[in-house]
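Notes for the one structure printed next.
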Amino acid sequence: MSVEAQHRELEDIAPELLERKKKEEKKELEDLPGVSGEVRMRLAPSPSGPMHLGQSRMAILNDEYVKRYGGKLFLRIEDTNPQNILPEAYDMIPEDLEWLEVKIHEIVIQSDRFEIYYNYARKLLEMGKAYITTVPADEWRKLKNAGKPTPDRELPPEEQLERWDKMLGGEYDDGEAVYVVKTDLQHPNPAIRDWAGFRILKDVEHPRVGNKYIVYPLMNFSVATDDHELQLTHVLRGKDHLNNTYRQEYMFNYFGWKKPVYIHYGWVTMRDTILKTSLIKEGIRNGEFSGWDDPRLGTLRALAKRGIQPQAIRRYWIDVGLKSVDIEFSWDNLYAYNRDIVDPKARRYFFVWDPKKIEIKGVDSIHAKAPLHPSEELGYREYSLKSPISVFVVGEEWNKIKDGTLLRLKDLCNVLKSENAAEYAGNDVSVIRQGAKIIHWCPENSLRAEVKMPDGRVLQGYAEPLIEKSIGEVVQFERFGFAKIYREDGKIVGYYAHR
RNA sequence: GCUCCGGUAGUCUAGUCCGGCCAAGGAUAUCGGCCUUUCGAGCCGACGACCCGGGUUCAAAUCCCGGCCGGAGCACCA
């Protein structure tokens, strides 16, 4: 029977089975595989700058799972490359996580743990699973890609240990000797073959431990060691780390450690978003950016400044989940979540950009009473205007309207437009139903204000005086968009979030 | 070049493991209507997708084979 025939038949016997039901779906994170009891997970940022939007994904997902299953979430600061450390970041990262509402149970800093790494390094040499090579880097790499060992790869453990002690003792200079973990030189994936575990950095001062150590662990060695030492059950990481996982598994196998469950999520591209710490650092130095929270940046501090709520970011990443597909970040979706949160609470005000002052003629006084929110009971902003009455309107908008048009100044009155003035035309709200255009305004005693946009533009204008009551809050400038309000150098400054 | 990982509307996601309640659900965006003293919110509607080709099957987004496309890694960075 064909599918169509089956459908026809079913319509006769049991039509209710063909009825479609509509349901709103609530998105939840899928269960973590391999959970038995509590979980132990970690965030592992390097302290090169404050956290950005991209990194918030791993923070949120780890946090969600630890909260769901119970257990422990470690913040492990990976500062084993002293050349890429911003000292302030040691404080900025926990601050950012706190803002994100991520619950950290314990902070571990890798530069406190050199002795632990050295200890395992020695063991591995004793086991014959690692070697010290004095072959120059490019030559070593060439041999490796050809599947061939360096001459010193097979030297006996005693000799390797001797070399290790010489490394630690400073008898080699930078690059003259490297500690390598053996894997399989015939491994079909060249990325998995023997990998460097420690390097020598003699003349670099580490911001936390100074010149105490000259032998620095590389990422794969310290990560594998710590993932084991912290007894992690699950590791979430970007799939750019997939080959690192395969590398690290060699250490787990050599030592017989229990492996965590590894989950690799996909690559996120963020168009038009500045995330690279090196670029930001440079931009701050040369004055291009105002700081780590410049509204053009993708740092969490910049988003916070603009009034993006941590819960919106959380919902966004939960929505995305941890699939291994590569995705494109959607500002629209993030903004939609943020609007959901912010809209019911944000007080409404008028902000007039490109301000043009016009006089309203033919009336002695007007009392304006505008609700602070269209549906929530948040009270009113009231202004008494006395003759001569002038208000600010948006110049570019005003100039586009034909003279003689009947306009509604929202929550104020109706006017007949002429070039640089307006004739009072009563206060009958029903003109709106007749199709009168509504524009906004602000009183003559408004405050100078500017709004900083995420694309770097700065709009100059006026905000109504009562905005002062909402400094530090996210407000909605009617017919314009949501912004978070600050006072900077005596001036009202809004950081634009979204429409 | 070698090795991995992926491919559902503009974007994100459900479904794929265990083929049939999928003539593919939800969100967002866009467009239209209603409502509203905001261009916000709300309500209603429209638009829009299973990468391609074979095979297995009564039945394929789902299983098999072959392509194609995208991404990542091949550092003495993380």
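Below, chains carry the letters A, B, ... as their sequence lines are ordered, and counting in each starts from 1.
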Q: Would you kindly compare F480(A) and A191(A) by the position of their nearest RNA chain B nucleotide and give the one closer to the 5′ end?
A: F480(A)

Q: Identify, between D138(A) and R193(A), the residue whose nearest nucleotide on RNA chain B lies closer to the 5' end.
A: R193(A)

Would you tell me if any nitrogen or oxygen in the side chain of [X] comes within less than 4.0 Å of OP1 or OP2 on [N]?
X	N	result
R499(A)	G40(B)	yes
R141(A)	A75(B)	yes
T80(A)	A78(B)	yes

Which of the following nucleotides, [options], is nearest to the side chain of [X]?
X	options	result
K323(A)	G40(B), A14(B), C74(B)	A14(B)
P374(A)	U38(B), C76(B), C12(B)	U38(B)
V325(A)	C2(B), A75(B), G6(B)	G6(B)
L218(A)	U37(B), C76(B), G1(B)	C76(B)
D332(A)	A41(B), U28(B), C74(B)	U28(B)
I438(A)	U37(B), U3(B), C76(B)	U37(B)
D340(A)	G42(B), C76(B), G40(B)	G42(B)
S330(A)	G73(B), G40(B), U11(B)	U11(B)
R339(A)	A29(B), C12(B), A75(B)	A29(B)
Q476(A)	G40(B), G42(B), U37(B)	G40(B)

Spacing of the [atom1] atoms in [M] and [N] (rounded, Å):
N	M	atom1	answer
A27(B)	C47(B)	C1'	16 Å
U36(B)	C22(B)	P	38 Å
U16(B)	G25(B)	C1'	15 Å
U62(B)	G7(B)	P	12 Å
U28(B)	C43(B)	P	9 Å
G26(B)	G15(B)	C1'	12 Å
U13(B)	A59(B)	C1'	27 Å
C64(B)	C4(B)	C1'	22 Å

**Q.** Whole-Å gap separating P (U28(B)) and CG (L334(A))
**A.** 13 Å

Q: Mind calculating the distance between CG (L43(A)) and P (A78(B)) to the nearest angstrom?
A: 18 Å

Hey, does [X] reach any base, or is it just sugar-phosphate, or nothing, if we go heavy atoms under 4.0 Å?
X	result
W195(A)	nothing
V429(A)	base
A137(A)	base
Y216(A)	nothing
E397(A)	base
V342(A)	nothing
P45(A)	nothing
H241(A)	base
P136(A)	base

Q. Heavy-atom contacts under 4.0 Å between residues 166-186 of chain A and RNA chain B, which residues?
A. G175(A), V178(A)

Q: Using atom types as modelled and distance alone, determine if a side-chain donor or acceptor of R193(A) lies under 3.5 Å from a backbone N or O of N145(A).
A: yes

Q. Does E478(A) reach the main-chain N or O of Y349(A) with its side chain, forming a donor-acceptor pair under 3.5 Å?
A. no

Residue matched to [N] through Watson-Crick or wobble contacts both under 3.5 angstrom:
N	result
A41(B)	none
A46(B)	U30(B)
C21(B)	none
U3(B)	A72(B)

Q: For F480(A) and Y496(A), run ring pair (Phe, Tyr, Trp, His ring centres under 6.0 Å): C-alpha distance rounded to whole Å, both residues' side-chain angles, the deciding distance at 0.1 Å, then the answer.
A: CA-CA 10 Å; F480(A) 179 68; Y496(A) 187 82; 5.3 Å; yes

Q) Under a 4.5 Å cut-off applied to non-hydrogen side-chain atoms, are V391(A) and I358(A) in contact? A) yes

Q: Answer whether the closest heavy-atom distance between the side chains of H206(A) and S111(A) falls below 4.5 Å.
A: yes

**Q.** Option from Y216(A), Y131(A), F221(A), Y118(A) for which ring-ring contact (aromatic ring centres under 6.0 Å, His included) with Y179(A) holds
**A.** F221(A)

Q) Just checking, R208(A) and Y90(A): is the charged tip under 6.0 Å from the six-membered ring centre and within 45° of the axis? A) yes

Q | Ring-face cation contact, Y380(A) with K369(A), 6.0 Å cut, 45° max | A | yes

Q. For E473(A), which residues count as a salt bridge (Lys or Arg N to Asp or Glu O under 4.0 Å) partner, sequence neighbours excluded?
A. R347(A)

Donor-acceptor pairs are to be reported for all side-chain atoms of residues 164-175 of chain A against protein atoms at under 3.5 Å, with residues two or more places apart or in another chain.
{"residue": "D165(A)", "atom": "OD1", "partner": "R122(A)", "partner atom": "NH2", "Å": "2.7"}
{"residue": "D173(A)", "atom": "OD1", "partner": "K202(A)", "partner atom": "NZ", "Å": "2.9"}
{"residue": "D174(A)", "atom": "OD1", "partner": "K202(A)", "partner atom": "N", "Å": "2.8"}

